[in-house]
Amino acid sequence: MLRATLAAAAVLFAIQGATAEENIVIGLSTPLSGSVAALGQHENWGASLAAKEINEAGGINGKQIQVEAQDNQCNPTQGITSVENLLEKNPIAVIGALCSSVTLAVMPVMERAERPLMVGVATSPIITEQAGVGGNQWTFRINPSDAGLAVALGKYLADKGSIKTIAFVGEDTDYGRGGHSAMAEALKGTGIEIVSADFYKQGTPDFTTVLTRIKTAKPDAVALYATGVDELGFIRQYRGMNIDSLLSGRVSLDELLPVIQAGALEDASSVYPYAVELDTPENKAFVEKFKATYGELPNNQSFQGYESIRVLADALKRSKELTPAALRNALKGTDMTSVTGGTIKFDDHNQAHNLALIMKVKDGVIVIETTSGT
Amino acid sequence: MSVSTPFSTSSDAGVQPRLTWPLVVLSLAGLILLPSIWPSSYVVNVLILAFIFAILATGLNLIFGYTGLLSFGQVGFFGLGAYLYALLTMDGGVSPWLSILLAGIGSGFVALLLGYPALRVSRASFVIVTLSVTLLAALLARNWVEITRGPMGIPRLPAPSIDLLGLGTFSGHDPHVFYYIALAIAVASIGAIYLLVNSPIGRVLRAINLDEPLAASQGISPKKYQIAAFAVAGILSGIAGSLHVSHLGIVDPSIFDPYYSEMLLIIVIVGGPGSFWMVVVSSLVFMAIPELLRMAPELRMVLFGMVLVLAAMLFPTGVGGYFEQRKLAMWRRSLRS
Amino acid sequence: MEFFIQLVINGLMLGMVYALIAIGLSLIFGVLEIVNFAHGHFYMLGATVLAALVTSAGIGFFPSLVIATVAVGVVGYLVYVVLLRHFREGEFDRGIILTIGIGMVLQNGVAYLFGSSSRMVDTSLSFVSWDVAGFFVDAQRTVAVLVGAVAIAALYAVLTFTRIGKAMRAFAQNREAAFIVGIRPAVIAGIAVAIGIALAGLAGAALAPVFAVHPAMGAPILFKVFAIIIIGGLGSLPGALVASLLIGVTESVVGGYSSVALQDAVAFMLMIVVLLAFPAGLFGKGIRV
Amino acid sequence: MTAILTTHGLCKNYRGIKAVQDADLSVARGGITGLIGPNGSGKSTTIDCITGFTRPSSGKVSYDGQDITGSPSYGLAGIGLVRTFQNVRVYERLSVMDNLIVASQSLRAHGWLPLMLRSTAVKADEKAIMQEALSFLELVGMAHYAGAPAGILSYGQRKLVALAACLITHPKLIVLDEPLAGVNPTIIRKISGLIETLNEQGLTFLIVEHNVDFIMRHCDHVIVMEQGKKLTEGKPEDVRRDERVLEAYLGKRVGLETKGTAYA
């Protein structure tokens with residue numbers, strides 16, 4: 001039985017080995033099943049779209065980019081297996097792994113394999129702490145960290161002047177918890193106080209209790225750090241309860257268009273690394289193509305997947321030879337313009353500082369209030 | 001009738017084909033040599049996972065297959081062991097090897113404490129209580145941030161290393177070294193359970209599973225044995241969990257992923273509850289299958305769901321049970337003639 | 001005080017939702033002695049069918065509610081006829097393994113066919129709420145609670161006044177007793193399973209406009225309901241109802257005064273306490289009305 | 001003869017139904033005591049109370065000078081009190097030999113580690129038990145089935161194995177719950193003979209049985225129960241002549257036919 005399995009595996013590897021000869025393989029480890037599969041799917045779509053564009057424009061020195069996606073279920077175990085599997089295909093770099101815990105588990109594997117890991121979505125500050133100077137030389141991150149985004153949002157809210165108290169609601173994951181500590185840090189000295197912090201379990205259907213508390217406490221604003229299903233559920237019930245507090249935080253306004261058009265989220269604000277509404281020619285083209293190809297609007301994940309490939313391609317073009325080590329050196333020298341119009345340049349900790357966008361709902365449409373560096 | 005009748009005294013030996021031992025030795029030799037023949041670290045990694053699941057599945061087999069209690073707490077103890085390992089090594093400064101041992105003992109101890117309320121009422125409530133324990137443990141891991149660091153998890157965990165005098169130290173962070181560590185611990189813990197289930201204690205466990213009132217009338221305290229078996233299965237899960245995160249290098253609440261519970265159940269059901277080696281083989285096979293079937297993950301899970309439905313409908317005793325059925329048929333034939 | 005009363009109102013409304021699911025689960029356990037691990041996924045199926053009918057087919061909310069409930073009930077009956085019927089008494093573990101398998105097929109099948117992203121169902125009541133004597137009452141939720149109350153009352157009537165209902169109760173007490181009523185046990189069990197599963201589907205459908213609809217929505221609520229039926233006493237329908245309301249209110253109050261994280265743990269901790277104090281649950285076994 | 005087992009004022013209520021009321025029973029050491037009565041008269045509940053399978057609502061059970069009221073069933077085999085079950089129970093998936101080895105008490109005295117590692121003492125013990133088991137199997141005529149799984153045996157054969165499994169616990173008192181029900185005449189003779197032989201060797205029996213012929217022939221004392229109460233007791237021939245007993249059986253039987261459907 002075991003022998004048969006191994007034989008089958010051997011055949012599988014042989015096939016994979018053959019395809020890897022001609023193209024430049026870039027691995028992608030992201031959740032394609034499980035509760036955040038939709039996010040992973042978008043990252044995959046974004047990356048594939050970028051690869052397609054680059055290949056159509058002639059590829060890298062005549063070679064085609066091939067994106068190999070593997071499911072990591074947002075679980076470190078599957079994360080490591082997926083990356084080990086990708087490494088069998090001899091990728092020049094791997095993009096991943098959407099979830100912070102998976103990314104942290106995968107970093108040493110990539111370090112051992114001596115290939116660059118491009119982080120596009122995971123927000124944990126520990127990733128940056130461990131990368132670059134005195135740490136993991138192979139990890140690069142293009143998305144702004146929680147801290148950068150929170151500072152931008154804190155500054156915006158403070159400038160408004162009308163907000164003095166904030167109730168924080170976040171999912172009990174690195175995203176919500178990390179968001180909370182970043183917000184708390186960013187709001188220090190701004191005169192804004194976080195009066196309560198609630199962390200709910202992912203997949204919680206009912207938010208009545210916390211909303212009742214907020215309705216009673218009447219904070220000036222609610223900072224929400226939720227994703228996907230929960231965000232939609234929360235906002236629905238938030239609006240259903242006619243709560244007067246302003247909605248803010250990291251609200252993916254783009255995915256709430258029906259609610260926004262219904263006028264239910266007027267004056268809500270949000271900080272995000274990306275927005276469909278961003279008015280740059282590159283973004284307009286990206287949104288257009290993405291929608292034409294996949295039938296959905298891009299989101300932050302698709303943007304980061306797209307951008308990850310662009311950054312890698314840019315470095316590959318500058319790279320002296322097509323080896324992971326040369327690619328890493330080229331990445332260090334990256335200085336390119338992002339789709340957002342910001343600049344991508346890695347610091348000592350291999351962290352790039354793209355823009356933070358503050359968005360606001362005005363008259364049933366999303367407008368970008370300010371953009372700032374992170 | 002002479003005393004030398006070749007009746008089976010160990011319940012397992014008679015059921016399994018006679019080739020069992022040579023096969024076990026051969027497979028073991030194969031596993032020891034494998035990394036030198038096929039040094040792919042991907043394959044090594046999949047096998048490490050298979051060893052860890054074999055330990056976990058053997059634990060579930062002990063409590064479900066032999067003792068007859070369907071437990072959904074195994075993944076809870078797996079996670080508990082994982083967190084104990086992380087806290088002991090990172091906060092307690094305990095060495096990795098000792099931490100694995102302590103994680104096993106700690107998980108077993110918690111199982112011992114939970115065994116009583118869980119077994120208090122009925123088998124139905126045992127199932128639900130053990131399931132809730134896993135859910136509660138996950139909640140705790142996420143929300144008791146001061147201790148568990150919450151959803152951020154605890155990264156940079158050390159791995160046990162092997163110190164061969166004169167040859168230097170081999171770090172377990174190298175998958176090829178860890179492979180042998182995992183193999184050794186798997187052989188030791190699975191071997192210990194093999195001895196247990198084939199000892200008179202194992203016979204008593206099977207007896208309780210088959211007919212609890214009869215066992216009680218013969219002076220066997222079913223609860224005592226069931227709780228003890230639950231604790232031993234807890235130890236195994238704890239060891240598997242600590243081993244697992246020492247390899248991953250990070251522990252976070254996803255260690256309680258229901259996916260593990262589902263996989264674990266499939267491994268034991270298809271292998272055959274109460275069939276020792278079939279469950280071990282099944283762990284290896286089912287850890288390889290997802291790697292070979294890396295197509296549409298949802299479809300794969302639909303497929304696994306169907307496997308469970310089919311197994312429950314057609315082969316409730318799994319592959320291992322098939323051998324037993326054949327043996328029974330043989331007996332019936334021989335008695336008729 | 002006002003805050004407390006509001007929390008109790010919220011809790012009772014939440015409890016009614018739990019009750020719909022818990023009563024169906026308890027009914028199936030009472031009749032077949034099977035803990036239905038797929039029950040939450042039938043709840044998800046009800047919500048998914050309703051979402052498809054309302055958003056894609058453009059059918060109104062109430063007709064869709066009926067169609068979704070009947071559809072899920074039919075699926076439940078088929079599950080009984082094709083699978084559960086072949087089980088003998090005492091095959092408890094097989095029942096669990098089977099229903100886990102069914103649940104995996106349902107959840108991942110829906111995710112494969114419709115995608116795993118969440119959907120919202122909008123009705124004319126979506127953002128309507130009432131102010132009743134200073135307390136907030138959500139319109140859509142009130143509809144769900146009323147639908148639930150009607151369904152529970154109807155079930156009570158069926159179990160009390162109809163021949164098949166009486167047969168179900170007799171059957172839960174003593175399998176052979178069902179023969180006296182002159183209805184074949186397989187028919188009784190089949191109808192009980194269909195009703196139980198239809199109730200889960202109804203709960204899902206009624207709540208689709210309140211909660212987000214997605215393939216994984218069944219598991220968390222199912223686990224909570226497991227704790228509820230243990231607290232109420234396995235197989236006891238009044239127990240399921242009372243325990244549901246109890247958990248709903250306790251969760252709401254605990255969440256209101258301490259933390260939401262603790263709110264999720266309430267049901268499980270209460271269950272362990274009940275098991276230690278009243279091993280047979282608050283109401284013991286038996287489909288009694 | 002002294003009593004090995006006595007009950008005083010034994011009562012058992014189930015949800016308001018009085019299954020056993022105020023039963024004072026006594027089983028003489030070295031004798032064969034029969035416990036008879038119509039269906040639903042509380043015989044099974046009585047022996048369940050005696051053997052620890054249900055807790056009496058009130059009253060006292062004494063065995064061999066010890067108060068065993070409410071002690072768990074598993075505590076009794078060790079002091080020599082064992083039972084069989086109405087619908088015979090054996091471990092179907094264990095071999096006949098293993099059925100006996102499990103029942104045997106002596107292996108359980110060893111610690112878990114010696115048992116797991118099969119120390120020399122355990123091995124020696126196991127060997128001795130196997131010898132002993134074989135001798136009991138020979139006694140009941142089932143030795144040639146020693147290696148067979150108990151699940152393939154006929155109903156009657158299972159009863160024989162169950163009896164052998166009782167014997168290997170070295171009991172003083174065996175409580176047999178309908179040992180002859182549903183068994184063919186050959187095995188009835190076999191079991192009757194065995195009970196007789198074992199009784200001669202000093203074993204005490206308490207037997208619930210409907211087979212009047214057996215009771216009359218083998219019991220030296222008969223207790224009759226009706227509606228949860230002790231109706232009468234005495235020597236078989238005296239009980240047989242007792243009008244009340246006849247009435248109880250006949251009257252109950254008539255009642256059973258009308259009422260029977262409610263419980264059937």
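Here is how names work: the chains are called A, B, and so on, in the same order as the sequence lines, proteins then strands, and each is numbered from 1.
Taking OG1 of T81(A) as the reference point, atom CE of M287(B) lies at 9.0 Å (rounded to 0.5 Å). Separation of atoms CZ (R300(B)) and CG (D71(A)) is listed at 6.5 Å; rounding is to 0.5 Å.
Between Y260(B) and T77(A), some side-chain heavy-atom pair lies under the 4.5 Å cut-off. In this structure, P155(B) and Q130(A) have side chains that are in contact, with non-hydrogen atoms separated by less than 4.5 Å.
Applying side chain to side chain contact (heavy atoms under 4.5 Å, CB included) to N45(B) and the options I80(A), V109(A), N85(A) leaves one that passes, I80(A).
Using a distance-only test at 3.5 Å, with no hydrogens or angles considered, a donor-acceptor pair links the side chain of R112(A) to the main chain of H173(B).
The minimum heavy-atom distance between I250(B) and S101(A), with the atom names listed, is CD1-O, 3.5 Å. Looking at every heavy atom in both residues, Y42(B) comes nearest to E84(A) through CB-O, 3.5 Å. Taking both residues in full, the closest heavy atoms of P76(A) and L248(B) are given as O-CD2, 3.7 Å, listed atom of the first, atom of the second, then distance.
Interface residue V145(B): only side-chain heavy atoms are found under 4.5 Å from chain A. Looking at L86(A), there are no atoms closer than 4.5 Å to chain B (heavy atoms on both sides), in backbone or side chain. Only the side chain of L139(B) comes within less than 4.5 Å of a heavy atom of chain A; its backbone N, CA, C and O stay farther away. For C74(A), the part sitting under 4.5 Å from any heavy atom of chain B is the backbone (N, CA, C, O) and nothing else. Using a 4.5 Å cut-off between heavy atoms, L87(A) does not touch chain B at all. E171(A) does not touch chain B: none of its heavy atoms, backbone or side chain, sits under 4.5 Å away.
Considering only residues two or more places apart in sequence or on other chains, S254(B) meets the side chain to side chain donor-acceptor pair (under 3.5 Å) condition with D252(B).
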